[in-house]
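Below you'll find the structure, written out as structure tokens, and then a few comments.
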Amino acid sequence: MNGKRRIRALVMATLAGTLCWSGGTASAHVPATVTSAAAITCVGTSFSGTLGVNQAICNSGYSVTMQDNGDLVLRRSNGSACYASGTRAPGDASATFVFHAAAPPTVDINSVSQGRVGRIVGAHNVTGLGTNASVNNRGEFYVGYKKIGYC
């Protein structure tokens, strides 16, 4: 299997919720948002703590992954990206949900070596406080009650 097919197969398998390792690295023809062929771990449909590198929240063929290039990306099961945070950091980045009772909840993109490299601001609603970041079965990524991106 050539490099491009191997990467595509890996993306398809990881977005389906299985763990894979291709044993290779991305070629120059792979989109910039895919930086390596590391295994992705799905931790559920939401998070209220921290997503580390190559961890994702997944639901019905959609995933929000903290990539090893520091970008938080929503993807369809076919591998196409629907939303990206646009953040860049070395392989030590993470996405942390931060609850604020008196302000909107956020997801902070942090790097051990660079500090905070980005912030995604969510929202509370009239009837409740937003307590996590989630992806639903329609491909919508929420921080609290604010839709951040969708497929």
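In this text, all values refer to a predicted model and were calculated from it rather than measured experimentally.
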Could you tell me which non-hydrogen atom of Pro90 sits nearest to which non-hydrogen atom of Gln114, and how far apart they are? CD-NE2, 3.6 Å
Looking only at side chains, do Arg75 and Gln67 share a donor and an acceptor under 3.5 Å apart? yes
In terms of hydrophobic clusters joined by side-chain contacts under 4.5 Å, are Val53 and Val112 together? no
Gap separating the CG atom of Leu129 from the CZ atom of Phe99, nearest 0.5 angstrom: 4.5 Å
Looking at His124 and Ala101, what are the two nearest heavy atoms and their distance? NE2-O, 4.1 Å
Across all chains, not counting sequence neighbours, the side chain to side chain contact (heavy atoms under 4.5 Å, CB included) partners of Asn59 are Thr45, Val135, Asn137
With sequence neighbours excluded, residues passing side chain to side chain contact (heavy atoms under 4.5 Å, CB included) with Arg116: Asp108, Asn110, Arg119
Is there side-chain contact between Lys146 and Pro104, with heavy atoms separated by less than 4.5 Å? no
Taking atom CD1 of Ile57 and atom OG of Ser46, what is their separation to the nearest 0.5 Å? 6.5 Å
Can you tell if the side chain of Cys151 reaches within under 4.5 Å of the side chain of Tyr62, non-hydrogen atoms only? yes
With sequence neighbours left out, the residues meeting side-chain hydrogen bond (donor to acceptor under 3.5 Å, both in side chains) with Ser111 are Asp92, Ser113
Check the side chains of Glu140 and Asn136 for a donor-acceptor pair under 3.5 angstrom, ignoring hydrogens and angles. yes
Can you tell me which residue among Ile120, Val121, Asn132 is in a side chain to side chain contact (heavy atoms under 4.5 Å, CB included) with Val143? Ile120
Can you name the nearest heavy-atom pair linking Ala81 to Val73, along with the distance? CB-CG1, 3.9 Å
Measure across Gly52 and Met66 and return the closest heavy-atom pair with its distance rounded to 0.1 Å. O-CB, 3.3 Å
Would you say the side chains of Ser48 and Thr131 form a donor-acceptor pair under 3.5 Å? no
Evaluation steps, side-chain contact (heavy atoms from CB on, under 4.5 Å), between Ile148 and Tyr83: CA-CA 8 Å; Ile148 302 300; Tyr83 165 84; 3.6 Å; yes
What is the distance from atom OG1 of Thr65 to atom CG of Leu51, rounded to the nearest 0.5 Å? 8.5 Å
Got a second to check how far Asn69's CG is from Arg88's CZ, nearest 0.5 Å? 4.5 Å
Any non-hydrogen side-chain atom of Gln55 less than 4.5 Å from a side-chain atom of Thr50? no
Quick one: does NZ or CZ of Lys147 land under 6.0 Å from the six-membered ring centre of Tyr150, within 45 degrees of the ring axis? yes
Is there a chain of hydrophobic side chains (I, L, V, M, F, W, Y, each step under 4.5 Å between heavy atoms) that links Val117 to Val64? yes
Is Val107 close to Leu72 at the side-chain level, that is, under 4.5 Å between some pair of heavy atoms? yes
Between CZ on residue Arg76 and OG on residue Ser63, distance to nearest 0.5 Å: 11.5 Å
